[in-house]
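Read the structure below first, then the notes.
Just so it is clear: chains get the letters A, B, ... in the order the sequence lines come, proteins before strands, and each one is counted from 1. Predicted model, so just to flag it, every value in this text is computed and none were measured.
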Amino acid sequence: MATQQPNSGNPRVDIEYRRKKSAEEMKHQVITFALMIFLTIVAFVAAGYEGFSGWFIVPFILILALVQVIFQLYYFMHMSHKGHEAPAMFLYSGAFVGFITIIAFLTVIWW
Amino acid sequence: MAAEQKMTYETWPASPEKQTLEAKNKFLGFWFFLGGETVLFASLFATYLALKDKVPSSDMALAKDLFEIPLAFIMTMLLLTSSLTSVYAMYHMKNFNFKKMQLWLGITVLLGLGFLGLEIYEFNHYVHEFHHSFTSSAFGSAFYTLVGFHGAHVAFGLLWITTLMIRNSKRGLSLYNAPKFYVASLYWHFIDVVWVFIFTVVYLMGMVG
Amino acid sequence: MSTLAQKKGFGAVLWDYLTTVDHKKIAILYLIAGGFFFLLGGLEAMFIRIQLAVPNNDFVSAGLYNEILTMHGTTMIFLAAMPLIFAFMNAVMPLQIGARDVAFPFLNSLGFWLFFFGGVFLNLSWFLGGAPDAGWTSYASLSLASEGHGIDFYALGLQISGAGTLIGGINFLVTIINMRAPGMTYMRMPMFTWATFVTSALILFAFPALTVGLFLLVFDRMFGSNFFDPAMGGNTIIWEHFFWIFGHPEVYILILPAFGIFSEIFAIFSRKRLFGYSSMVFATVLIGFLGFMVWAHHMFTTGMGPIANAIFAVATMAIAVPTGIKIFNWLFTMWGGSITFTTPMLWAIAFIPSFVAGGVTGVMLASAAQDYQYHDTYFVVAHFHYVIVGGVVFALFAGAHLYWPKMFGTMLNEFLGKITFVLFFIGFHLTFFIQHFLGLWGMPRRIFTFLPGQGLDTANMVSTVGAFFMAIAVIILLINIVITSVKNEKVGNDPWGDGRTLEWAIPSPPPFYNFKQLPLVRGLDAYWLEKMEGKKGMSPAEPLGDIHMPNNSFIPFVISLGLFIAAFGAMYRAEHSWGIPVLIFGMLITLGSMFVRSVKDDHGYHIHKEDLEDSNDKGVKA
Amino acid sequence: MKRLAKWRLFSLFAMMALILSACSGKPYLSTLKPAGEVAQTQFDLMVLSTAIMVGVIAVVTVIFFIVVVKFRRKDDRIPKQVEGSHKLEIIWTVIPILLLLILAVPTVSATFKLADVSPMEKKNEEGKTDALVVNVRANLYWWEFEYPNQEIITGQELVVPTDEKVYFNLIASDVKHSFWIPAVGGKLDTNTENVNKFWLEFDGEKAAEADNYFYGKCAELCGPSHALMDFKVKAVPRDQFDQWATAMKDVKEPKQAETDLAQAGQEVFNNSCIGCHAVTPANTAPEAARLAPNLTNFGDRDRIAGILDHTEEDLKDWLRDPETYKPGNKMTGTYGELTEEELDALTEYLMGLKVMEQ
């Protein structure tokens with residue numbers, strides 16, 4: 001099956017290898033999580049701090065949100081893994097359609 | 001590979017969620033569903049942004065009067081953490097450790113319940129303190145529809161995960177139910193993705209004004 | 001498997017169809033239900049034309065006329081055209097890619113029953129206090145002002161059937177990506193399969209906008225929210241945007257499969273491969289992509305301002321380019337070919353001038369400044385009937401004749417088919433060509449009558465006469481269907497003789513497992529390639545083995561029925577005490593049956609190798 | 001064969017001429033008889049795009065007929081399986097793009113030109129505009145026209161000066177409608193939540209051809225009587241317009257009926273009608289209180305309720321049972337049953353409501 005890992009012939013070794021890999025991945029995910037928490041705190045602080053103007057804060061926290069979502073998609077939802085080409089294409093298409101909708105609602109079509 | 005087959009630690013494959021054709025179909029179909037959900041939530045966001053602060057009289061509460069940092073922050077933390085715990089659950093699923101998977105799923109459900117409880121408290125608070133309700137203004141309608149749709153997704157996700165946990169509690173992992181757990185966790189992450197935008201666009205941008 | 005070949009009683013057949021998850025049977029269900037709604041929508045169209053035959057006519061009253069026009073549009077788009085397209089997608093697409101079924105047979109059935117119950121719900125409005133009367137677009141200020149439950153029927157009915165369509169779309173996408181036979185690469189897929197793929201993607205991304213719009217409408221009408229109430233800060237234009245963000249892709253959802261059907265027909269009956277296949281694929285994808293960026297051209301007169309109007313005008317014009325590519329590719333498919341004028345081919349040939357006429361008026365409409373004159377007049381009515389009748393309905397007729405033998409194992413009568421074609425073709429142009437001028441002479445659309453002395457009398461009469469031609473043509477088609485079904489002369493695998501794609505390589509109708517062994521695909525027009533090498537069928541890609549099949553299920557019917565019941569409860573909640581209990585009861589049925597589905601394992605069953613070998617001699621009847 | 005071709009050509013031209021003359025509609029209604037700058041701009045665009053499109057259709061038709069005639073199946077041979085042709089494909093991609101550009105440029109420029117309402121934003125010292133502005137308010141099946149500069153209101157019949165730009169503010173008071181005078185220019189919706197603005201220009205010569213009356217229509221489905229939500233546009237030279245405006249403005253108090261019958265009618269009117277219908281043109285009452293068309297100059301108008309002939313018989317029919325003539329209108333059932341005597345009196349009174357000397 002295409003999704004299976006390379007086989008060394010010895011199931012025990014394979015499993016050890018896989019365990020190590022997934023433990024490593026889990027470590028990455030914990031780091032990702034820490035980063036996400038950090039970004040969230042930054043966003044909340046930026047929004048709560050009186051000193052910045054809205055022109056700075058709004059784009060800033062939107063970018064933070066975008067970074068967080070990319071973390072979610074690629075690490076938690078494994079979009080970085082193989083076999084996610086079609087999901088990625090369709091998710092981005094959906095995001096694109098949604099983006100156009102929102103942009104249009106915010107700009108050209110209003111009076 | 002037949003889905004019903006009893007698996008062992010040794011025979012458990014690396015990607016248990018994608019071993020059968022049915023599982024692959026389910027995996028792909030669910031991602032496409034999330035693509036559609038993206039448009040659905042984008043439409044709700046667009047509605048909210050168009051109707052934000054649109055109230056019939058000037059003495060009604062606006063976004064900057066309503067939202068408070070601490071509550072939104074705690075809700076965000078609960079949901080973000082639940083995302084991590086469901087990652088842990090999937091980690092243990094891949095390692096064929098059913099008990100630990102169930103444990104982490106259980107924690108996920110508890111965190112989700114906490115989030116939902118806070119949301120109910122929050123809505124109640126707005127209605128009673130600020131007279132900001134679903135029917136009081138276009139702003140209210142748009143706010144409760146957007147956040148409420150997300151809340152309904154959380155509630156459905158909790159039901160779903162709980163059902164899966166109970167249904168499979170005696171059976172352990174198999175290639176038949178592994179994709180079900182996996183897809184449910186994808187759904188849970190997606191809920192979190194939506195929430196990231198909600199707390200940014202609704203709460204934080206609302207407070208900034 | 002002798003049990004499968006047994007004759008069944010009516011009850012058993014009915015139960016079989018209620019529970020079926022076989023894509024070919026679901027296709028037949030879609031065909032019957034869609035066909036029924038098509039006749040209903042056609043009847044409504046006839047009422048419209050009779051009412052407008054002479055000025056100041058009182059054949060129907062003003063209020064009833066608005067209900068008829070609303071239901072005509074809604075029925076034709078959502079309950080006739082889309083389901084009929086789904087019928088052909090279900091019947092043909094899995095065969096074209098060499099699959100044994102769709103990816104989610106259960107969801108396929110669920111999709112159908114949701115559509116069906118949604119459609120029935122919508123049409124029950126006729127008997128329960130009046131149909132919706134705000135046009136198929138149901139613009140918010142009018143739809144909020146509309147009294148009675150008509151608009152509630154509209155919103156809830158479309159919500160239910162829309163969910164079915166969305167499920168169907170996802171199903172086809174996964175089927176095409178995951179279930180293609182060995183060797184069937186993307187660039188070897190038949191054009192109709194490509195059209196199904198792009199259409200399904202459009203459904204996936206367009207329907208959520210409608211879902212949201214309908215939710216807002218339901219909330220405003222039934223639950224006291226204020227999205228569209230300007231006095232409370234609301235804004236009716238939001239509805240217009242969501243409706244058209246959905247509505248514009250929707251017209252491509254209708255037309256792309258029509259293009260797909262015609263692409264197959266041109267190739268088959270010219271005995272030539274499709275000219276410029278890869279540019280056809282590219283054009284299809286591009287049309288789908290652009291379809292999401294042009295919605296506001298339906299709203300040029302809403303007052304969005306010159307910047308938005310100019311942007312959307314230019315974006316809209318761009319769509320003419322890929323469409324033009326397609327027209328020329330079809331012409332050059334026939335060029336140098338060996339054309340035979342069968343009924344499907346007649347429809348396809350007639351489609352080109354008809355659709356080009358609709359296309360060029362589309363470009364005129366895209367030009368914002370002149371659209372201020374055309375908008376909401378009979379010019380627009382003429383335009384979209386030229387593309388939807390001249391494109392989609394022609395394709396449905398063509399597809400019905402082309403695929404009838406594949407779906408039912410018998411051919412429709414060619415002579416009657418040609419009579420249908422001639423009458424319909426004449427009637428169509430008679431009805432709609434003159435309507436361009438009616439619009440230019442100042443006749444707004446959706447008017448229940450017009451006054452004498454405005455120069456509109458003769459042309460309206462001509463238009464009505466044309467409508468009768470179309471009605472007679474449809475009646476002849478029905479007679480044709482009855483006659484051929486009674487005669488039931490069985491045909492072989494490839495009844496047209498020039499079949500090119502995989503569906504023509506297997507019996508008509510195909511056995512319920514489609515392919516005994518999955519075929520090996522060696523290029524575009526896989527079956528044609530084998531035929532040209534003198535082979536009788538496809539070479540198998542796998543040894544004969546057990547075939548895994550899904551079990552039938554009654555649950556999709558019950559889930560849909562639950563929503564149907566719940567919708568009544570939601571609607572009558574305010575004025576009847578039984579509303580809330582019925583709403584809860586309905587939701588419990590739906591959620592309960594979903595719960596049953598998720599906790600009860602359903603692994604399907606296997607057809608054993610020995611039975612397949614056995615059936616070799618007898619021929620399995622599905 | 002050659003004679004046949006000639007005969008065909010001749011009959012083609014004859015047909016064309018016939019079609020062109022028959023096919024442009026009525027001068028007071030048709031978009032194909034443009035009576036003003038806006039309609040003319042739009043008509044020119046129509047001609048341009050039609051010309052381009054006819055060119056495209058001609059190419060398609062030629063190929064189409066060659067294909068259908070030449071490549072019929074004659075024998076059982078298998079034609080060559082052609083994959084495609086890059087050269088051809090590039091040609092039919094690039095040429096349409098060029099054609100569309102030819103159309104896109106004037107489209108965009110016209111779109112901006114037709115949306116230019118800057119003169120109506122410029123206010124002079126009095127807070128009024130130099131340009132003529134009309135506030136249009138669309139209601140379920142009737143139209144109100146307010147002239148903010150002149151401070152007068154009228155209904156159902158729009159009076160405008162010819163040969164100058166007239167600016168419009170458009171809004172709806174109940175559901176969405178759309179304001180359209182086909183012969184003079186394209187439509188613009190009257191929304192419920194915002195004021196839409198545009199301008200029109202009424203050509204004097206063309207107005208004369210149309211007997212000074214253009215037909216206006218509602219172009220957005222708005223309920224049962226959407227089809228009957230017509231209005232008339234009286235386009236007159238500037239001096240006549242000024243006369244009219246002055247005459248209107250002079251009506252400070254409701255005009256007193258002169259004959260006995262009319263006085264009886266006025267009494268009926270004051271008892272049953274005045275709650276909704278004003279007979280003074282001042283625009284002091286708030287919009288919400290203006291529930292029905294202003295009748296100050298009813299006797300001068302060309303139509304009753306926008307659709308019926310302006311005769312006493314039709315007026316009585318209308319007053320007797322408005323529901324028959326405009327289903328779903330807001331007047332039905334608001335004033336009880338009128339006796340024949342009351343009807344006679346009311347008709348006499350209403351027909352006497354004139355501001356212009358005859």
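Contacts of D:L88 with chain C are made by side-chain atoms alone, with heavy-atom separations under 4.5 Å and no backbone atom involved. Residue D:K26 touches chain C through its side chain alone, counting heavy-atom pairs closer than 4.5 Å. Interface remark: D:Y215 contributes side-chain atoms only to the contact with chain C (heavy atom separation under 4.5 Å). Of the two parts of D:I307, the backbone and the side chain both hold a non-hydrogen atom closer than 4.5 Å to a non-hydrogen atom of chain C. In this structure, no portion of D:K70 lies under 4.5 Å from any heavy atom of chain C. Proximity to chain C is limited to the backbone of D:D75, based on heavy atoms less than 4.5 angstrom apart. Proximity to chain C (any heavy atom under 4.5 Å) is shown, for D:S85, by both the backbone and the side chain. When heavy atoms are compared at a cutoff of 4.5 Å, D:F43 does not approach chain C at all. Both the backbone and the side chain of D:K187 have a heavy atom closer than 4.5 Å to some heavy atom of chain C. Proximity to chain C (any heavy atom under 4.5 Å) is shown, for D:I181, by neither the backbone nor the side chain. Contacts of D:L188 with chain C are made by both backbone and side-chain atoms, with heavy-atom separations under 4.5 Å.
Here the CZ atom belonging to D:F112 is positioned 5.5 Å from the CD1 atom belonging to C:I307, to the nearest 0.5 angstrom. If you take CD on D:E220 and CZ on C:R445, they are separated by 8.0 Å, rounding to the nearest 0.5 Å. Atom CE of C:M304 is separated from atom CG of D:D189 by 10.0 Å, given to the nearest 0.5 angstrom. Once rounded to the nearest 0.5 Å, the distance linking CZ of D:R72 with OG of C:S338 reads 11.5 Å. Here the OG1-OH distance, from D:T41 to C:Y372, works out to 11.5 Å after rounding to the nearest 0.5 Å.
The ring pair (Phe, Tyr, Trp, His ring centres under 6.0 Å) test with D:F71 is passed by exactly one of C:W335, C:F266, C:F341: C:W335.
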Check residues 92-99 of chain D and write down every donor-acceptor pair under 3.5 Å in which the side-chain atom is one partner and the other belongs to a residue at least two apart or another chain.
unit_1	atom_1	unit_2	atom_2	d
D:T93	OG1	D:E89	O	2.6

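Ranked by heavy-atom pairs under 4.5 Å with chain D, the list C:I447, C:L438, C:L440 is led by C:L440. With chain D as the partner, the residue from C:T236, C:D525, C:V314 showing the most heavy-atom pairs under 4.5 Å is C:T236. With respect to chain C, the highest number of heavy-atom pairs below 4.5 Å among D:M46, D:R77, D:K197, D:H226 belongs to D:M46. Here C:I325 is the residue among C:D58, C:I325, C:V321, C:V356 with the most heavy-atom pairs under 4.5 Å with chain D. Counting heavy-atom pairs closer than 4.5 Å to chain C, the top residue among D:A39, D:A115, D:P79, D:A172 is D:P79.
Counting heavy atoms from C-beta outward, D:D230 and C:L451 have side chains that approach closer than 4.5 Å. The shortest distance between side-chain heavy atoms of D:V59 and C:F328 falls below 4.5 Å. Side chains of D:T107 and C:M317 form a contact here, defined as non-hydrogen atoms less than 4.5 Å apart. Within the 4.5 Å cutoff, the side chain of D:K176 has no heavy atoms near those of the C:L142 side chain.
Between C:A134 and D:L221, the shortest heavy-atom distance links the atoms C-CD2, 3.6 Å.
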Item to check | D:V67 and C:I339: CA distance, side-chain angles, deciding distance, side chain to side chain contact (heavy atoms under 4.5 Å, CB included) verdict | outcome: CA-CA 9 Å; D:V67 162; C:I339 304 173; 3.7 Å; yes
